[in-house]
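Proteins get letters first, then strands, A, B, ... in listed order; numbering begins at 1 in each.
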Amino acid sequence: MNLFIVNSSIGRKLVMSITGICLILFLTFHMSMNLVALISPKGYNLVCEFLGANWYALVATIFLALGFIIHMAYAFLLFLQNKKARGNNAYAVSAKPKEVEWASQNMLVLGIVVAAFLLLHLYNFWAKMQLVELMHQLGVNVCGDALSKSADGAYHIAATFQDPIYVILYLVGLGALWFHLTHGFWSALQTIGFNNQLWFNRWKCIGTIYATIIVFGFAIVAIAYFVKSVCC
Amino acid sequence: MEKSINITLKVWRQKDAKAKGAFETYKLDGISTDTSFLEMLDILNEKLITERKEPIAFDHDCREGICGMCSLYINGHPHGPDEDVTTCQLHMRKFKDGETITVEPWRLAAFPVIKDLMVNRNAYDQIIQAGGYVSINTGGVPDANAIAIPKPIADEAMDAAACIGCGACAAACKNGSAMLFVSAKVSQLALLPQGKIEAAARAKAMVAKMDELGFGNCTNTRACEAECPKSISISHIARLNREFLCAKIKD
Amino acid sequence: MTTIDAKIPKGPLAEKWKEYKAHQKLVNPSNKRRLDIIVVGTGLAGASAAASLGEMGFNVLNFCIQDSPRRAHSIAAQGGINAAKNYPNDGDSVYRLFYDTIKGGDYRAREANVYRLAEVSNSIIDQCVAQGVPFAREYGGLLDNRSFGGAQVSRTFYAKGQTGQQLLLGAYSALSRQIKKGSVKMYSRYEMLDVVIIEGRARGIIARNLVTGKIERFFAHAVVIGTGGYGNAFFLSTNAMASNGSVAVQVYKKGAYFANPCYAQIHPTCIPVHGEFQSKLTLMSESLRNDGRIWVPKKKEDAEAIRAGKLKPTQIKEDDRDYYLERRYPAFGNLVPRDVASRAAKERCDAGFGVNATGLAVYLDFSEAINRLGKDVVAAKYGNLFQMYEKIVDENPYETPMMIYPAIHYTMGGIWVDYELQTSIPGLFAIGEANFSDHGANRLGASALMQGLADGYFVLPYTIQNYLADQIRVPRLSTDAPEFVAAEKEVNDKVKKLMSVQGKRSVDSIHKELGHVMWECVGMGRTKETLEKALARIKEIRKEFWSNVYIPGDGSLMNNELEKALRVADFIEIGNLMALDGLNREESCGGHFREEYQTEEGEALRKDDKFSYASCWKYAGEESDPELIKEVLDYEFIVRQQRNYKS
């Protein structure tokens with residue numbers, strides 16, 4: 001089978017496609033979980049507890065992290081290769097045909113924004129939750145207050161989204177994610193060859209709806225908690 | 001109806017492959033809108049010759065949109081602003097009076113400039129040589145009607161086979177990818193029973209050659225499809241991906 | 001006087017080719033590797049020949065003028081390719097295809113060659129399908145056919161309106177396979193400038209690398225010319241810009257005969273000329289005449305109003321339209337052969353019924369077909385042609401009739417070859433449009449593709465062995481041989497001479513002047529006076545060219561103007577030969593219409609008693625007129641008749 005996932009252009013794209021699909025699935029799960037916080041903070045905390053520093057959650061986290069890292073590393077690899085393929089002279093004038101989506105030509109930039117957003121998000125939540133538990137289990141001395149709140153996801157949501165700056169940052173990040181997904185979704189299917197003339201428009205439509213649902217699901221939680229913090 | 005326009009041209013001039021090129025500006029007055037773009041360049045060259053200057057070198061041959069020789073990047077579009085045509089079928093009625101038109105060669109690492117607006121597209125020939133054929137010799141083949149092929153399949157193969165190998169797809173692609181070109185041939189032959197036998201080997205060989213020649217990685221921006229003068233669909237790229245991945249997984 | 005031997009095998013017509021193959025000499029596989037063959041050109045004939053010879057094991061050097069072998073002008077053929085498959089069960093047969101081709105050529109082709117062509121036509125279709133050429137199919141999955149001019153059966157296979165493209169890409173793919181294998185070495189962006197003759201045999205060529213400008217020498221045991229026709233002598237034609245007749249002139253000057261130069265085909269359905277700056281004419285496939293109806297207004301005042309832009313064609317009532325082909329030729333209607341359709345269009349326009357601002361156009365109308373079949377069916381059949389028309393003319397042919405006018409399209413004349421496709425120089429072969437052999441005085445639609453591929457796939461690969469079998473002891477000769485040195489020097493001198501003129505006129509301006517003379521005097525209707533005038537004018541043009549042409553740049557580097565100049569110098573010679581041949585042929589036949597020789601109804605009047613021969617012109621030096629050698633055409637199997645497409 002050789003190393004076609006490194007050596008061939010289609011193989012490299014397959015890696016982007018598969019990791020991308022995994023990340024989309026993760027987002028779907030994450031978004032569904034967040035919605036619980038809207039209905040019942042208690043229930044949400046139960047899910048958080050379930051996903052604490054347990055072995056299965058840790059394994060999943062490692063895989064997830066790997067997925068992110070590979071997706072990003074390949075993105076840079078492809079970018080560099082493609083830049084080389086373009087040659088040294090850039091076109092003096094270039095125009096975008098109307099069929100070409102803006103997102104499709106800016107996936108790297110959008111990806112970087114999403115990655116920055118991810119770091120922020122990790123700092124806001126993961127560092128205060130799973131990481132704290134993990135450190136505790138490993139025998140690192142953690143402040144008692146932080147430990148007791150590490151499974152209280154609802155508290156962290158409320159704490160983060162009472163700050164309007166975070167809400168705006170999150171919405172910007174989610175916006176970038178939406179653009180990234182609208183192209184990424186059908187592009188991933190196209191790359192694995194799961195496309196044809198008939199399905200092309202279907203996948204595009206499904207992808208846009210799907211991206212919208214995911215991004216909306218995330219955004220509504222942030223907005224709802226912000227509104228709650230303002231009103232109450 | 002016929003009218004005439006005045007235009008300013010910014011044309012890429014480059015003495016040879018090694019020289020550093022630059023734009024030169026030319027003014028042309030009274031160009032009939034019924035003139036084709038290449039005829040307009042003929043007029044400009046005629047003018048340059050009377051001024052005892054060297055005319056602009058550009059590739060062109062059949063001038064009816066089928067040989068794939070013409071290759072100009074006009075105002076940011078391969079083959080110019082009109083849709084579904086090659087440069088030779090682009091007419092001046094697509095431009096406004098007083099417009100400045102920028103004319104560049106295909107710019108791609110795999111298509112080095114030879115002179116002015118001419119580029120070397122030998123890479124595409126090499127990709128076909130890697131496997132874009134059915135391995136049969138002349139003679140000793142079955143009767144043409146021995147294998148029936150469903151019309152929709154034959155039609156789809158024909159749509160793929162319409163590729164003229166002009167290079168607009170790779171020239172338009174921000175990634176410098178030749179996937180549309182490669183997929184058109186792989187897809188045409190993979191669809192037909194005659195080509196199915198070698199389909200897996202063909203997909204692998206042609207993709208390997210494409211990668212080796214320094215074309216980029218496809219990111220499905222669809223610029224190729226939008227700029228293709230023969231409207232070849234990226235659904236063929238999906239088929240190529242399928243053929244290639246299945247072949248690799250089977251290995 | 002030189003005599004001529006076409007080497008036609010003895011025996012009954014249907015047995016000749018089989019007999020030939022049964023008794024010809026062959027080259028064994030180990031010897032094939034030691035023999036080099038140069039093939040110049042990569043069109044249908046050149047590419048198919050190079051690929052087939054490579055497959056057989058010969059060492060092939062293949063040259064093309066474009067950047068890739070896939071761009072040869074065969075690619076522009078639209079309508080289709082004939083074969084005697086009789087799939088539609090409408091009464092076709094090898095004999096009928098043979099007969100139609102001979103008749104279409106106005107009984108000026110060699111019977112044996114044409115029969116062989118019809119015989120191998122079926123194998124071509126099989127071969128192309130096996131290569132993956134996506135021919136049009138019926139819903140049942142089998143191949144579809146349509147009809148073409150000059151035939152009463154449907155025997156034309158097609159791939160949308162891009163048949164030539166698909167066939168060429170098939171041949172190109174076979175060629176690519178051989179290039180990969182190393183049996184064919186491809187030289188693209190090379191132009192042949194001379195043939196090298198050693199001890200009376202063709203042993204190589206001199207070619208110019210068009211990128212570096214360097215002139216190079218190449219040896220081979222045999223040289224095959226597949227460089228197409230010389231229609232661009234008219235400047236405006238449906239040929240590609242680089243199509244030229246230079247190789248024909250080069251070999252003619254080295255002793256090969258140039259046969260029937262005056263037979264040039266004028267295609268009836270081209271987009272009309274629109275201005276002085278026009279660089280080429282675009283063909284609209286003959287297949288359009290399957291469903292399109294050709295007409296001009298019946299009343300002169302209507303035609304005048306249309307020309308003045310006061311009336312639209314759609315406003316002309318049915319009764320006021322003159323469907324002149326249907327009127328004159330009820331049996332074949334709009335599907336008469338090309339020469340007949342072209343002359344009929346010229347006749348109407350000359351009589352003042354032409355349309356377009358210039359008065360030089362007739363209508364090709366699809367409204368009836370659209371009503372009968374629906375727009376979708378018409379679009380499926382001719383969509384790409386309609387799109388092309390709309391892009392060029394800016395009018396929608398679904399709504400308003402197309403305008404068409406005849407234009408130079410194909411040259412039936414060319415390098416003389418015998419039955420083996422060998423020229424009068426041993427070891428020099430000519431195939432496809434470059435030779436003169438199969439179409440007589442007029443070629444039927446969809447027959448050029450057939451001939452090119454027949455020569456390349458199924459004829460030359462056999463006949464060339466009959467020659468090469470005697471050459472197996474000839475080693476690869478050094479290109480330092482004095483003959484190579486001399487040939488290269490000749491070419492260099494010619495280039496230097498051209499570069500040193502430094503006159504005032506561009507190459508194109510002189511080419512256009514030549515084109516005007518050709519179209520006016522050696523075009524659709526010729527007379528003794530116009531042909532004599534042409535000879536005189538061409539003499540002046542030749543003088544003007546060699547004393548006043550201006551070629552910018554450096555002759556030893558890439559130089560497009562120099563390339564054009566070398567070709568125009570040869571077009572002038574061809575123009576001269578065409579006029580000379582036309583003057584000699586005091587009859588009308590096929591594409592050669594002498595106005596003095598026509599029937600009362602204005603049809604071509606042949607003189608079989610005096611002109612039943614192929615005119616072979618032998619070069620006799622710069623100063624004197626060439627010698628005319630006659631290859632008498634014996635019709636053993638067919639009785640010649642006045643061509644009749646009326647009933």
Between [X] and chain B, with a heavy-atom cut-off of 4.5 Å, which part of the residue counts as in contact: side chain, backbone, both or neither?
{"X": "C/I392", "result": "both"}
{"X": "C/Q166", "result": "side chain"}
{"X": "C/Q165", "result": "side chain"}
{"X": "C/E561", "result": "side chain"}
{"X": "C/E276", "result": "neither"}
{"X": "C/I179", "result": "side chain"}
{"X": "C/R189", "result": "side chain"}
{"X": "C/V507", "result": "neither"}
{"X": "C/N560", "result": "side chain"}
{"X": "C/Q387", "result": "side chain"}

*Go through C/A159, C/A51, C/G140 and name the one with the most non-hydrogen pairs under 4.5 angstrom from chain B.*
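Most heavy-atom pairs under 4.5 Å with chain B: C/A159.
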Using non-hydrogen atoms and a 4.5 Å limit, figure out which bit of [X] sits close to chain C: side chain, backbone, both or neither.
{"X": "B/A160", "answer": "neither"}
{"X": "B/I43", "answer": "side chain"}
{"X": "B/D59", "answer": "side chain"}
{"X": "B/T50", "answer": "neither"}
{"X": "B/Q188", "answer": "side chain"}
{"X": "B/I49", "answer": "both"}
{"X": "B/K94", "answer": "neither"}
{"X": "B/T35", "answer": "both"}
{"X": "B/D159", "answer": "side chain"}

_When you compare the side chains of B/N137 and C/R177, does any donor N or O come within less than 3.5 Å of an acceptor on the partner?_
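Side-chain D/A pair, B/N137 to C/R177: present.
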*Pair B/E64, C/T282: side-chain N/O donor-acceptor within cut-off below 3.5 Å*: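 Per modelled atom types, B/E64 and C/T282 side chains form no pair under 3.5 Å.
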*Neighbourhood of chain C inside residues 83-90 of chain B, taking heavy atoms under 4.5 Å as contact*: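 So the qualifying residues are B/E83, B/D84, B/V85, B/Q89.
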*Examine distances only and state if a side-chain atom of B/E39 and a backbone atom of C/S279 form a donor-acceptor pair shorter than 3.5 Å.*
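Yes, the answer is positive, given that a donor and an acceptor are paired below the 3.5 Å cut-off.
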*Determine yes or no for a side-chain-to-main-chain donor-acceptor pair under 3.5 angstrom, with B/N145 supplying the side chain and C/L143 the backbone.*
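Checking the backbone N and O of C/L143 against the side chain of B/N145, a donor-acceptor pair under 3.5 Å is found.
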